[in-house]
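So the structure is just underneath, and the comments pick up after that.
Order of the sequence lines fixes the chain letters, A, B, ..., with proteins taken first and strands second; residue numbering starts at 1 for each chain.
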Amino acid sequence: MLEKFPVNPPAPEGRVITCVEALREGLRQLMEQDPSIFLIGEDIGVYGGAFGVTAGLVDQFGEERVRDTPISEAALTGACVGSALTGMHPIGEMQFSDFVVLAMEQLVMQAAKIRFMFGGKASVPMVMRLAAGSGTGAAAQHSENLENWFVHVPGLKVVMPSNAYEAKGLLVSAVYDGNPVMFFENKLMYKTSCAVPEELYSIPLGKANVARAGKDLTIVATSIMVQRSLEAARQLAAEGIELEVVDPRTLNPLDDETLVNSVIKTGKLLIVHEAVQTGGFGGEVAARIAASPAFGYLEAPIRRLGGKDMPIPYNRNLEKHAVPQVEDIVEEARKLVRGAY
Amino acid sequence: MLEKFPVNPPAPEGRVITCVEALREGLRQLMEQDPSIFLIGEDIGVYGGAFGVTAGLVDQFGEERVRDTPISEAALTGACVGSALTGMHPIGEMQFSDFVVLAMEQLVMQAAKIRFMFGGKASVPMVMRLAAGSGTGAAAQHSENLENWFVHVPGLKVVMPSNAYEAKGLLVSAVYDGNPVMFFENKLMYKTSCAVPEELYSIPLGKANVARAGKDLTIVATSIMVQRSLEAARQLAAEGIELEVVDPRTLNPLDDETLVNSVIKTGKLLIVHEAVQTGGFGGEVAARIAASPAFGYLEAPIRRLGGKDMPIPYNRNLEKHAVPQVEDIVEEARKLVRGAY
Amino acid sequence: MIHPSQEYALDPKRAKQVLKELGPETGRKFLETMYTIRAFEEKAEELYGLGKVHGTMHLSIGQEASAVGTSNAVRKGYDYLLNHHRGHGHCIAWGSDIDRMMAEFMGKETGFCRGRGGSMHIADIENNNLGAQGIVAGSLPISVGVGLSIKLRQTDQICLVIFGDGGSNEGAFHESLNMASIWKLPVLFLCENNQYGMSMSVKRSMNIENIADRGASYGIPSRIYDGNDVLAVYDAVKWAADTIRSGKGPVLLEAKTYRWRGHSKSDRQLYRTREELKEWQALDPIPRFAARLVEAGYLKDSDVETIRAGAYQTIENAVAYAEASPEPDVATLMEGIYA
Amino acid sequence: MIHPSQEYALDPKRAKQVLKELGPETGRKFLETMYTIRAFEEKAEELYGLGKVHGTMHLSIGQEASAVGTSNAVRKGYDYLLNHHRGHGHCIAWGSDIDRMMAEFMGKETGFCRGRGGSMHIADIENNNLGAQGIVAGSLPISVGVGLSIKLRQTDQICLVIFGDGGSNEGAFHESLNMASIWKLPVLFLCENNQYGMSMSVKRSMNIENIADRGASYGIPSRIYDGNDVLAVYDAVKWAADTIRSGKGPVLLEAKTYRWRGHSKSDRQLYRTREELKEWQALDPIPRFAARLVEAGYLKDSDVETIRAGAYQTIENAVAYAEASPEPDVATLMEGIYA
Ligand SMILES: Cc1ncc(C[n+]2csc(CCOP(=O)(O)OP(=O)(O)O)c2C)c(N)n1
Ligand SMILES: Cc1ncc(C[n+]2csc(CCOP(=O)(O)OP(=O)(O)O)c2C)c(N)n1
Ligand SMILES: [Mg+2]
Ligand SMILES: [Mg+2]
């Protein structure tokens, strides 16, 4: 199915839309061309989704294919698992990614394992979209970044788009991947814009993107942190520091090769993500690099800049300090490049 | 409360008991001296627990304090959270650690965050015991090692004892830590024995144990992998290779200092755990070492030996191959020491 | 169709009796608290509009009777309260300090949670107000634990746990009611059925009419009442609390009520009609109760206005307190995570 | 106390009628399948004792009528089956190949799951047997999805989902029945109430008598029947399947039955009495049905013995097949994780 769509097409200069719009456009176009695709989640119909991603889709496709559920995260996830297992391509929405705590059994014990447990004979081609991240003042129970939990679950794939262009193309690949895919959308990213092709296109899963080439330091960043790292790179360029920013796009399977080659080139690595640092995805990247051929090229310790090891606080200022901001990336990158460690 | 108990007392030569016995003894003694402690879980009463840890305790303490629950993991965890919040010291049992997927909300959104969300004014002094790991032929939904999920959750502590002595002492510390503690017990470890003091004693949380001193390579191993690593060390000693085996005991908070010092001494690091490698705790250890002063002392890449990135298969032979065995550790350690990487 | 508020209306005789039992002082206090809640919510909305608070908030305008009648029918501060996301009203009715609530709402260091919790997580632990909740039905399993703790400690407390109609579709509802029932725990499960869980009406989210009827699945007695009549609320909760304290185990209550505002600020309210809203606004619990007090001769019309004005002043004072309070110091960012 | 099996006994007239409708061929087939299940379970136990299989297993001895009556009242292979941990019987009754079941149980490459699944996860995807389940109630949410898929694809299939009394206390039960009900999904929720969830009796784990009564919380029609009488089972499931196919939405059934063996092999069964077990063993579904067939003149006593012996031979053949089958090759260890 994916063959139908162009891969990584160039983005037309003028067509700048937000990430919310890109996702909505992708969902609409996918549903228009494939009746096996449907949407399911809390308040995705007439409400349009808590972040507006599905706004208007129920008018076009009706309540059967844009399906509001009661507040029952386990059953709504099961609705995806069971329908995917029997010929459909469900796209679920977890209104806030935090609520996935109530759907872990269906995702981890069922969706991820069904194929393997049954000897490779069943498939669960579902996508679960999750609105993740802090910065909206919603405090500890509405601001989680839990992607590394799922990276740790064989059978699942984990995708984290970093802008509108990436979001649309990765969504298409996720829907037709044939496996259960966790698709984490950052809430602050929703309102950011960039150029996005109008037609459906795909960005392959498992392929990282060198979002910016540079020679002094590799930053591996995910989701909204790619944008922040690019901004940091712009600022540091003024000081003559050239950062390379690598966006893995897919956290599992991870494109080791692109990451390793970048570190071999720059000799230095900084990993940036919003999720709590301890136990997070940064550890996986650090460990892979430290075990890889790039190890011998490392000119400095591997550094991580993750979220602080704390729940997200409500207060606006505290909240900002709990996760990496552009200035934190600038400072950390500068230190690493200048040999402070 | 912990002051009452000796810390890390020597184990009397003769008193060798299994891990199941040590845990049961610890639970019994804790309950005898403190009426605020009670046990709750599925089939922990007259059945004695799926692995026999609580066998007989209901006879001594009655059904109120050794409380069987219906099959309702979320509510049984809530029973711990709410009672801990209001003056009790509950010890919950997750019959198989896999079932914790059904209790994530209560553990992650409630137990872990309550104190912080409420401005540091509430406490949730509960322990959740979880029977973890493969090797029993119970297949993909009864063999998980999910500790790193909880390492990634600020507000929780994560403890993994590696033998009977460790289990009893760490249990005592966990109960009186004042925080929610995830206490992962390996199922194959249950039947292993070692010398254990009869009285109550504590092993502080957050302090690693150098289980064996050596100069050629540091192995950081958790739970049952400590025993396997010690066996590997015995075998390699015959070849003149001296492994240092470090058991973190507490995965969060992690005793960086002991780990870093060991790697500074040996110059080489192998991390061994049973959990799926990708996204696992090994990444955290690798990342911390690669960012630490030990980085400069590393003479070889950091290697991880984790579980394969797959669900646990039923077939006995496949199951063995899915997770590290003594021979795998021997081979990997030998390679690392001999400079193969 | 009979309007739910009428269908489950308190018998007029009984209403009189309850009012009499309460007496003028308590009646006056009830009215004052309802006004205070209304004023708090209106101010919250205003502050949000001004950008002085951020995040999200869930206003309980229209549901004040439920908060006031409930808290006052249990022993506030001695019993336990587990609150939910639409919880400002219950917090105020419980008697938790309004200045510190407002400070929390504004993210200040003097707030109940030192500015860490915000609107969705206000707690007053010292007074056994165990906090509001961002996870729908998240406090139901906790209530089992609180009930169990009461049982094991052998006090005569009860645990009051608030949730919405939407929350009754979560698995946690089922597990918690079942567990509380088999162990006869002193838990008062209180469902504020305001007809919607975010955008989904009760009619669409379940195939039966009353959430209270779900009590039968657990052998739990239940009662439905007009949640817009503070006397009906008080009467039902009192009955439930008495039943629970007599050792009969948990009770499930369902207040039929309605929220006037959108679910939260991002809500365009396309899922309901203006007419429906108006019908319910005609049942505004505050003037209804004020009229009763006047009718009973407990208050004069002018007293009502004095009370109302006082309530709004209380909120102004709270805002002043909150505004004057310091922001949390970033140096304390990581405090309060572990004991 | 009337014994549950009696209390919910099928009316004798109706029983005769059902038997007549089935006819001698099908009657004989039912008996044969019940014996095959019994033989499979006994062999499973033996193999486990011999150390030829490992892990855990949950035997359905005593519950054979439920498996056979159920599968045969729906369209096996066209409809969907979601099975649970005590699932050997349902798998056999569904008609899934016994050789490949046994091979799976013994962890062989020729097994349904290539030896990866084992006793708890046997699936026969080609025949819409969507697999057994290690997570109590884990298949209930999935059944919502299967039902939804049927609805969206507009076929006239139904989804049969099996769970135990213990499973009905999981939150997933509540969410799934509610969701299936509001969308009128073609799901047959079948609870095999064998009186215990591991060591916990239904009496201790809930405060009402019948799990079927929980259907009322969702507006789902339900029926209770003697799960040890294959005719009663067949009759009830047929009714349920017809109701569902007529577009009325899900049905909840409760089979009153009993497991003879311990929960799994580690069970010392201290939670029940020998007397209770004996009472239920007197209601063994196999001789009960054999007697009926003989009484109806469908079979002679000697036929019964022939059928029994044939069933045991089928299992011997399956063991021979499984024993002769190869172990999975370690080189294939990581196959089948991703599509
Ligand atoms: C587990 C979970 N799912 C979804 C949400 C998002 N959400 C917050 S409030 C709400 C509606 C709750 O409805 P109800 O329980 O009726 O309470 P009400 O808002 O009407 O007072 C939803 C869907 C949440 N906070 N938690
Ligand atoms: C979520 C979950 N909790 C607990 C278990 C352990 N367990 C397996 S079967 C079982 C009892 C199930 O009882 P019931 O649903 O009545 O089925 P039965 O075994 O009686 O057929 C338990 C507790 C499990 N497998 N999954
Ligand atoms: Mg509501
Ligand atoms: Mg049972």
If you count heavy-atom pairs under 4.5 Å between each of A/Pro154, A/Ala112, A/Ala75 and chain D, which one has the most? A/Ala75
Which bit of D/Ile182 comes within less than 4.5 Å of chain A, counting heavy atoms only: side chain, backbone, both or neither? side chain
For D/Asp124, which atoms come within 4.5 Å of any heavy atom of chain A: side chain, backbone, both, or neither? neither
Shortest non-hydrogen pair, A/Ala122 vs D/Ile125, comes out as CB-CD1, 3.8 Å
Which bit of D/Ile337 is near chain A, if near means a heavy-atom gap under 4.5 Å: side chain, backbone, both or neither? both
Of the backbone (N, CA, C, O) and the side chain (C-beta and beyond), which part of D/Glu109 lies under 4.5 Å from a heavy atom of chain A, both, or neither? neither
Give the C-alpha distance, both sets of side-chain angles, the deciding distance and a yes or no for side chain to side chain contact (heavy atoms under 4.5 Å, CB included) between A/Gln110 and D/Gln133. CA-CA 9 Å; A/Gln110 311 298 342; D/Gln133 184 58 252; 2.7 Å; yes
Calculate, to the nearest 0.5 Å, the distance between atoms CD and CD1 belonging to A/Glu105 and D/Ile135 respectively. 5.5 Å
Please report the C-alpha distance between A/Phe116 and D/Glu335 in whole Å, then the side-chain angles of each, then the deciding distance to 0.1 Å, and finally whether the side chain to side chain contact (heavy atoms under 4.5 Å, CB included) criterion is met. CA-CA 8 Å; A/Phe116 181 81; D/Glu335 287 181 2; over 6 Å; no
Say you draw a straight line from SG of D/Cys113 to CD1 of A/Ile114; how long is it, rounded to the nearest 0.5 Å? 11.5 Å
Within a reach of under 6.0 Å around CD of A/Gln60, are more than 12 heavy atoms found that belong to other residues, nucleotides or ligands? yes
Straight-line distance of A/Ile71 CD1 to D/Glu175 CD, nearest 0.5 Å: 10.5 Å
So, for D/Pro141 and A/Ala74, which heavy atoms are closest and what is the spacing to 0.1 Å? CB-O, 3.7 Å
Step by step, would you call A/Arg67 with D/Leu152 a side chain to side chain contact (heavy atoms under 4.5 Å, CB included)? CA-CA 11 Å; A/Arg67 187 170 289 267; D/Leu152 290 169; 4.2 Å; yes
Contacting moiety of D/Ala132, where chain A heavy atoms sit under 4.5 Å: backbone
A/Pro180, A/Pro90, A/Gly120, A/Ser83: which one forms the most heavy-atom pairs within less than 4.5 Å of chain D? A/Ser83
Taking every heavy-atom pair that is under 4.5 Å apart, which of A/Ser72, A/Ala84, A/Pro35, A/Pro70 has the most such pairs with chain D? A/Ser72
Atom CD of A/Gln33: over 12 foreign heavy atoms under 6.0 Å: yes
Do other residues, nucleotides or ligands put more than 12 heavy atoms under 6.0 Å from the NZ atom of A/Lys121? yes
D/Gly138, D/Ala123, D/Gly131, D/Gly117: which one forms the most heavy-atom pairs within less than 4.5 Å of chain A? D/Gly138
Would you mind checking if D/Lys151 and A/Glu64 are paired as a salt bridge, meaning a charged N to carboxylate O distance below 4.0 Å? yes
By a 4.5 Å heavy-atom criterion (distance strictly below it), what part of D/Leu148 contacts chain A: side chain, backbone, both, or neither? side chain
If you round to the nearest 0.5 Å, how far is CE of A/Met117 from CZ of D/Arg116? 13.5 Å
Show the nearest heavy-atom pair for residues A/Gly178 and D/Ala339, with the distance to one decimal. O-CB, 3.7 Å
Nearest heavy-atom pair of A/Ala79 and D/Val144: which atoms, and what distance? CB-CG1, 4.1 Å
Atom group of A/Leu156 that falls short of 4.5 Å from chain D, counting heavy atoms: backbone
Using a distance-only test with no angle check, is there a side-chain donor-acceptor pair under 3.5 angstrom linking A/Thr86 and D/Ser149? yes
Closest heavy-atom contact between D/Leu130 and A/Phe118? O-CE1, 3.3 Å
Is the number of heavy atoms from other residues, nucleotides or ligands within 6.0 Å of CD (D/Glu323) greater than 12? yes
Between D/Tyr338 and chain A, with a heavy-atom cut-off of 4.5 Å, which part of the residue counts as in contact: side chain, backbone, both or neither? both
